[in-house]
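Both counts, for ligands and for their atoms, begin at 1 and track the order of listing. Keep in mind that the numbers below use all heavy atoms, side chains included, and drop hydrogens, waters and symmetry copies. Numbers here simply count residues along the sequence, with the first being 1.
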Amino acid sequence: MTLHKLTQQIQEKKSFLCVGLDIDLEKIPAHLLQEEDPIFAFAKAIIDATHDLCVAYKPNTAFFEAYGVKGWQALEKTINYLNENYPDHFTIADAKRGDIGNTSTRYAKAFYEDLNFDSVTIAPYMGKDSVEPFLDFEDKFAILLALTSNAGSADFQTKSVDGKPLYQEVLKTASQYQHSERLMYVVGATKAEYLSNIRAIVPDAFLLVPGVGAQGGSLSEVVKYGKNDQVGLLVNSSRGIIYASVESDFAQAARAKALELQQEMAGLL
Ligand SMILES: O=C(O)c1cc(=O)[nH]c(=O)n1[C@@H]1O[C@H](COP(=O)(O)O)[C@@H](O)[C@H]1O
């Protein structure tokens, strides 16, 4: 996937919605548990019901890995289903990886080559040689945690280092890495007021913004402070969409929630 194609999709669909696939067998409708692969059955139903309203899907790998081999197989089926049926959607493996260089290369190969995701989320803590291996792949993107949506972001990310908050140093330093044009950054929707500062450091980069819906972030604030000329935003909602109903109408209910967000986005663009 190229950035140009992603931006085109955003403009055509008037949507920068990313649907998060955080699939928990304890939360999906009971009738799906009879299926041979309930996780994939749920993912497929959600994807089929929402694809025209969103530009990206973000399976969070934890929710698949929690079910061992079966979970990983469901992840593989989900990404293959997306790539075969909806190849214009941007796909994000939310795996939050990062390690010493040769290990990062293996993680990158796992998500970009074996599974064929367009992108993977990564942590900045181990620095340049842990991040750059993820940037060696053409038309693939690494999405670096910058300022996260959770309360614990105050432990390190907003702490002052040399007179500046650490997340700003992360953005400045990472934007100098080789092939930083293949970097995107995570900024929580609950931190919308920080987005003007963030845009001053990375004006052109795409930002993945989770935290609307279940975590209470405001879409209009995110757009107000975070949008750039190309839009440059992917706003994720997971639980707020996929668990809108636990009855047999779950896919229609998910569609209705995605439509609400898409219409709000169209109004803000
Ligand atoms: O990297 C992420 O996607 C992420 C970063 C962050 O700062 N906050 C955050 O919630 N996320 C992820 O975004 C999703 C949010 O899910 P909901 O709160 O259910 O919409 C989960 O998969 C989180 O792991």
Item to complete: Assign the ring pair Tyr112 / Phe134 to parallel, tilted or perpendicular, where the plane angle (0 to 90°) is split at 30° and 60°.
Response: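 Tyr112 and Phe134: perpendicular rings.
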Practice prompt. Classify the angle between the aromatic ring planes of Phe42 and Tyr243 as parallel (below 30°), tilted (30 to 60°) or perpendicular (above 60°).
Written response: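 Aromatic pair Phe42/Tyr243 classed parallel.
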Item to complete: Taking all non-hydrogen atoms of both residues into account, name the closest pair between Gly98 and Met126 and its distance.
Response: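 Between these two residues, the closest heavy atoms are O-SD, 4.0 Å.
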Item to complete: Please round to the nearest 0.5 Å and tell me the distance separating atom CE of Met184 and atom CZ of Phe141.
Response: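 It comes to 5.0 Å.
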Worksheet item: Does a side chain donor of either Ser130 or Tyr125 reach within less than 3.5 Å of an acceptor in the other side chain?
Response: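 No, no side-chain donor-acceptor contact under 3.5 Å.
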Under 3.5 Å, which donor-acceptor pairs link side chains of residues 199-208 to any protein atom two or more places apart or in another chain?
residue: Arg199; atom: NE; partner: Gly226; partner atom: O; Å: 2.7
residue: Arg199; atom: NH1; partner: Val202; partner atom: O; Å: 2.9
residue: Arg199; atom: NH1; partner: Pro203; partner atom: O; Å: 3.3
residue: Arg199; atom: NH1; partner: Ala205; partner atom: O; Å: 2.8
residue: Arg199; atom: NH2; partner: Ala205; partner atom: O; Å: 3.1
residue: Arg199; atom: NH2; partner: Gly226; partner atom: O; Å: 3.2
residue: Arg199; atom: NH2; partner: Gly232; partner atom: O; Å: 3.0

Discussion item. Students should find this: residues with any non-hydrogen atom under 4.0 Å from ligand 1. What is the answer?
Written reply: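 Residues near ligand 1: Asp22, Lys58, Asn60, Asp94, Lys96, Leu145, Thr148, Ser149, Val186, Pro210, Val212, Ala214, Gln215, Asn236, Ser237, Ser238, Arg239.
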